[in-house]
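Throughout, protein chains are lettered first and strands after them, A, B, ... in sequence-line order, and every chain is numbered starting at 1. If you're wondering where the values come from, they're calculated on a predicted model, not measured in any experiment.
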Protein chains: 2
Amino acid sequence: MTAKMGIGELARRTACTVETVRYYEHTGLMPNPQRTAGGHRVYGLDHLKRLGFIRRARELGFGMDQIQSLLSMMDSGGLSCGEVARKTEQHLKDVRHRIAVLKKMEWTLSATLSQCHQGETADCPIIDALFTPDGGDD
Amino acid sequence: MTAKMGIGELARRTACTVETVRYYEHTGLMPNPQRTAGGHRVYGLDHLKRLGFIRRARELGFGMDQIQSLLSMMDSGGLSCGEVARKTEQHLKDVRHRIAVLKKMEWTLSATLSQCHQGETADCPIIDALFTPDGGDD
DNA sequence: CCTTGAACCTATAGTTACTTCAGGTCTTAG
DNA sequence: CTAAGACCTGAAGTAACTATAGGTTCAAGG
């Protein structure tokens with residue numbers, strides 16, 4: 001059966017570590033599970049789904065606070081699609097901003113690299129670039 | 001004159017906070033500066049240049065350990081341009097990888113959003129997507 | 001029943017690159 | 001001389017985990 005499982009199996013089936021599962025419990029993202037007489041955690045399919053949700057949201061770059069608020073909405077039953085969409089839109093904006101910053105980095109790094117003869121001299125255009133304030137007219 | 005300054009001016013001229021300057025000193029990126037009789041830090045132009053280097057490298061996404069190794073090379077005088085170029089290339093690869101991951105996020109987020117009618121129903125395609133394992137044929 | 005080894009437990013510290021805080025000291029202009 | 005503002009130290013907090021130490025439980029085999 002796939003109904004009841006320990007933390008190890010849960011972790012394997014969601015591709016995360018047992019430490020991460022315990023961490024999510026600690027932070028409140030995951031509920032306190034049942035325990036065996038000896039204190040081992042016991043999980044069911046609902047936990048599997050919830051953890052799957054968390055992992056996929058994390059992969060999409062949602063922060064734990066954002067995930068927490070999505071989960072709270074779902075837990076309270078008062079789930080409005082519009083609200084979820086607004087959070088997603090905001091997150092998409094963040095992601096796009098991060099892409100823009102990284103692209104600027106990429107451009108600068110590759111432009112600098114292309115100027116480099118990679119010799120053994122001390123005259124390095126990369127170092128020069130890092131030592132030179134941009135613009136110069138501030 | 002611009003020759004001697006306190007930590008506040010140094011921070012202002014490198015667009016970072018005084019706390020960050022002290023932090024860099026703590027971690028060894030910045031050297032221990034001279035002090036006034038009362039214990040206040042005193043900086044010169046060399047510090048200004050070094051901190052400028054650090055900040056620009058950070059803006060390009062270099063980690064503090066990478067910056068540390070660039071600075072050590074420079075400090076020891078044995079600066080080989082080829083080595084700097086290799087570090088930069090490696091870093092550029094990291095940056096490109098991060099861009100690729102974020103672009104995939106962006107694509108998924110915007111595709112999901114476009115399916116959303118943003119109504120007040122409980123039937124939300126975003127939530128559905130997050131609850132559904134990808135592929136399905138794992 | 002007993003042993004053994006894997007899986008599990010808790011609690012704490014470490015990671016990155018800082019920021020924030022508490023509670024005091026120094027400097028300088030008036 | 002005083003008061004504001006810049007500065008000082010050391011410790012704790014942030015995000016999202018990871019790692020470590022040292023002990024307990026579980027399940028299978030003998």
#### Entry: nucleotides 7-20 of chain C: protein proximity per nucleotide (B base, S sugar-phosphate only, - neither; heavy atom, under 4.0 Å)
-SSB------BBSB

### Query
Which part of the nucleic acid does A:Thr27 contact within heavy-atom distance under 4.0 Å: base, sugar-phosphate only, or nothing?
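Contact class for A:Thr27: none.
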
### Task
Could you pull out all residues at least two apart from B:Arg41 that satisfy salt bridge (Lys or Arg N to Asp or Glu O under 4.0 Å)?
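So B:Arg41 forms a salt bridge (Lys or Arg N to Asp or Glu O under 4.0 Å) with B:Glu25.
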
### Query
Who are the salt bridge (Lys or Arg N to Asp or Glu O under 4.0 Å) partners of B:Arg50, not counting sequence neighbours?
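Only B:Asp75 meet the salt bridge (Lys or Arg N to Asp or Glu O under 4.0 Å) criterion with B:Arg50.
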
### Inter- and intrachain pairs under ring-ring contact (aromatic ring centres under 6.0 Å, His included), touching residues 82-111 of chain B, at least two apart
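Residue pairs passing ring-ring contact (aromatic ring centres under 6.0 Å, His included), neighbours aside: B:Phe62-B:His91.
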
### Pairing residues for A:Ser110 by the side chain to side chain contact (heavy atoms under 4.5 Å, CB included) criterion, not counting sequence neighbours
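A:Ser110 satisfies side chain to side chain contact (heavy atoms under 4.5 Å, CB included) with B:Leu92, B:Arg96 once adjacent residues are dropped.
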
### Task
Say whether, by atom type as modelled, one donor and one acceptor occur between the side chain of B:Gln90 and the main chain of B:Lys87 under 3.5 angstrom.
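Not confirmed, B:Gln90 side chain does not pair with B:Lys87 backbone.
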
#### Entry: A:Glu9 and A:Arg13: CA distance, side-chain angles, deciding distance, salt bridge (Lys or Arg N to Asp or Glu O under 4.0 Å) verdict
CA-CA 6 Å; A:Glu9 190 181 341; A:Arg13 289 169 63 168; 2.9 Å; yes

### Query
Of all nucleotides in DNA chain D with an atom under 4.0 Å from a non-hydrogen atom of chain B, which is the first and which the last going 5' to 3'?
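Both ends considered, the range comes out as D:dC7 to D:dT9.
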
#### Entry: For A:Met30, the option from A:Thr20, A:Ile54, A:Leu71 that meets side-chain contact (heavy atoms from CB on, under 4.5 Å)
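Filter result, single survivor: A:Ile54.
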
### Query
Between B:Ser72 and B:Ser69, does any side-chain donor sit less than 3.5 Å from a side-chain acceptor?
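Result is no, nothing qualifies.
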
